[in-house]
K.L.:
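I have a structure here, written as structure tokens, and I will follow up with some questions on it.
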Amino acid sequence: MVNTTTAAAPASATHSNSTVKVTDYFMLVVFRADLISGTVGGWAQVVVGHPFDTIKVRLQTQPHYASALDCLKTTVRDEGAAALYKGVASPLVGVGVCNAVLFTANGQFRNLIGGGRADSDLSIAEHTAAGGLSGLVIAWLNCPVELVKVKLQTQYTSAAGEKKYTGVLNCTLHLIRHNGLRGLYRGIGITLLRDLPSFAAYFGVYEATKKALSPTAPPSAVHLVVAGGVAGIAAWLPCYPQDVIKSRIQSDPRPSSSSSSSSSSSSSSSSSSASASTLTHAKAILRHSGVKGFFRGFAPTMLRAFPANAATFVAYETARKAMS
């Protein structure tokens, strides 16, 4: 007689499968929380910080302004206060997505580096490493978003004062039509060199400041404001010269040989061309303005850094807590 009784699965196997399902569900919840919270944080950053960013970009790309205050007065006088929000649609859409990707990537790298340990158990060095790796990811989104933003922010600075672009979509299509999809990545090399150290400092200093302010208890809203603001300032310190060079490259009206859609050059020659462009602009800045030329717009950037990033992290942490 054939025994038709099905053997029960071992208890250990059932427990293992259950553990895997719970872990997968937990990772999905964390991923969703980072995605949504990062988006909310990005929107808060743009609303608070875009006017400062417009002044920064104009100072970086137009040497005729005597100071940040002169740039502000001239912009408002000639174009109205609304000009401070020129190009805001690009980062408002793009930074929401960029921050979502940034915080999600950072969460995944923290999990990878920490082997699944809780964030509070990671060292500052591990948070810093996760931040640097996140920077290498987000640079590929930052580059096209910032290219369009820079084009729109600087389009009224020509002598003729003509309106070349009517908006984000028009500017994007114009760039693709004239330079191909690769044209949207003008300045990608210097963006990578900017974002790796920047976001390493950003997340490392944020966690270090939180732990310093609140070693044992959960951080308060005030602690988050201070930690976010300090992290925002720290993020610019290792990368500001790279940002100046990037703004010069992206605002240059001359076509980029490395981004031409009709170009048949190899990837190695494209990389060489990008390096040449970076060096050319760096030498031009040094020749015309000296070392201080690499820090044009630094004051409004620092003024923007604290409130914009305080808003970013408070919005991020609040949204994440609401979903936990």
Side-chain angles (χ1 to χ4, degrees), residues 42-96 98 142-179 183-184 186-187 232 236 240 243-256 281 284-285 288-289 292-309 311-312:
W43 288 338
Q45 183 184 75
V46 172
V47 171
V48 173
H50 194 78
F52 295 97
D53 187 70
T54 298
I55 299 302
K56 179 205 76 169
V57 169
R58 290 193 168 194
L59 283 169
Q60 288 178 337
T61 58
Q62 301 296 321
H64 63 265
Y65 293 116
S67 65
L69 186 58
D70 175 54
C71 182
L72 174 63
K73 288 180 177 178
T74 303
T75 299
V76 173
R77 185 189 66 229
D78 296 346
E79 303 170 46
L84 295 174
Y85 277 93
K86 274 186 176 180
V88 72
S90 177
L92 197 59
V93 175
V95 171
C98 287
N142 277 341
C143 188
V145 169
E146 292 181 10
L147 174 65
V148 172
K149 175 181 70 69
V150 167
K151 293 292 188 187
L152 289 170
Q153 286 175 320
T154 60
Q155 69 169 331
Y156 285 179
T157 55
S158 64
E162 295 177 353
K163 189 175 181 180
K164 186 174 182 180
Y165 309 112
T166 59
V168 172
L169 182 60
N170 173 261
C171 181
T172 303
L173 293 176
H174 181 276
L175 292 171
I176 293 174
R177 187 163 57 248
H178 288 83
N179 302 308
L184 293 176
R186 184 170 189 167
W236 282 108
Y240 195 80
D243 189 66
V244 174
I245 297 169
K246 182 197 72 69
S247 292
R248 290 290 186 96
I249 291 172
Q250 292 187 329
S251 65
D252 192 338
R254 294 172 297 179
S256 172
H281 282 278
I285 294 169
H288 290 108
S289 307
K292 67 179 182 180
F294 291 104
F295 292 91
R296 279 186 65 85
F298 189 72
T301 300
M302 291 298 100
L303 288 173
R304 170 189 180 272
F306 193 99
N309 290 284
T312 298

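Computed from a predicted model, the values in this text were never measured in an experiment.
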K.L.:
First locate atom CG of L152, then atom CG of L147, and finally report the distance between them rounded to the nearest 0.5 Å.
P.N.:
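With rounding to 0.5 Å, CG (L152) is 9.5 Å from CG (L147).
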K.L.:
Nearest 0.5 Å, please: how far is CG in N170 from CZ in R177?
P.N.:
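Answer for the CZ-CG pair, R177 versus N170, is 7.5 Å.
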K.L.:
Determine whether R186 and N179 make a side-chain contact, defined as any pair of heavy atoms from C-beta on separated by less than 4.5 Å.
P.N.:
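Contact flag for R186/N179 side chains = no.
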K.L.:
Check whether any side-chain N or O of H288 sits under 3.5 Å from a backbone N or O of A284 as a donor-acceptor pair, and report yes or no.
P.N.:
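It does hold such a pair.
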K.L.:
Compare all side-chain heavy atoms of C143 with those of L184 and state whether any distance is below 4.5 angstrom.
P.N.:
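No - every pair of side-chain heavy atoms lies 4.5 Å or more apart.
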K.L.:
Which one of Q60, E146, R296, Q153 satisfies the side-chain hydrogen bond (donor to acceptor under 3.5 Å, both in side chains) criterion with S247?
P.N.:
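With S247 as partner, Q60, E146, R296, Q153 yield a single side-chain hydrogen bond (donor to acceptor under 3.5 Å, both in side chains), made by Q60.
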K.L.:
Check whether any side-chain heavy atom of K56 lies under 4.5 Å from a side-chain heavy atom of D243, and answer yes or no.
P.N.:
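In contact.
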K.L.:
Atom NE2 in H178, atom CG in L173: separation rounded to 0.5 Å?
P.N.:
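Reported to 0.5 Å precision, the distance equals 11.5 Å.
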K.L.:
Got T301 and I55 here, is their nearest side-chain heavy-atom distance under 4.5 Å?
P.N.:
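No, side chains not in contact.
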K.L.:
Salt bridge or not between E79 and R58? Use side-chain N to carboxylate O under 4.0 Å.
P.N.:
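So E79 pairs with R58 through a salt bridge.
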K.L.:
Report yes if some heavy atom in the side chain of Y65 is under 4.5 Å from a heavy atom in the side chain of T74; otherwise report no.
P.N.:
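Y65 vs T74: side chains touch.
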K.L.:
Residues in ring-ring contact (aromatic ring centres under 6.0 Å, His included) with Y240, at least two apart?
P.N.:
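With sequence neighbours excluded, Y240 shows a ring-ring contact (aromatic ring centres under 6.0 Å, His included) to W236, F298, given in chain and number order.
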K.L.:
With a 3.5 Å distance limit and no angle check, can you tell me whether S289 reaches the backbone of K292 through a side-chain donor-acceptor pair?
P.N.:
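Checked: no pair found.
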K.L.:
Just by modelled atom types, is the G49 backbone N or O under 3.5 Å from a matching donor or acceptor in the D53 side chain?
P.N.:
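No; zero donor-acceptor contacts below 3.5 Å.
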K.L.:
Any side-chain heavy atom of I245 sitting closer than 4.5 Å to one from F294?
P.N.:
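Heavy-atom side-chain distance check passes, below 4.5 Å.
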K.L.:
Does any N or O in the side chain of N309 come within less than 3.5 Å of the main-chain N or O of A305, such that one atom is a donor and the other an acceptor?
P.N.:
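Flag set: sc N309 to bb A305 pair under 3.5 Å.
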K.L.:
Kindly indicate whether the side chain of V148, heavy atoms from C-beta on, has any atom under 4.5 Å from the side chain of K151.
P.N.:
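No, their side chains stay 4.5 Å or more apart.
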K.L.:
Would you compute the distance between atom OH of Y165 and atom CD of Q155 and round it to the nearest 0.5 angstrom?
P.N.:
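Answer for the OH-CD pair, Y165 versus Q155, is 7.5 Å.
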K.L.:
Would you say V57 and K149 make side-chain contact, with heavy atoms under 4.5 Å?
P.N.:
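Sidechains of K149 and V57: in contact.
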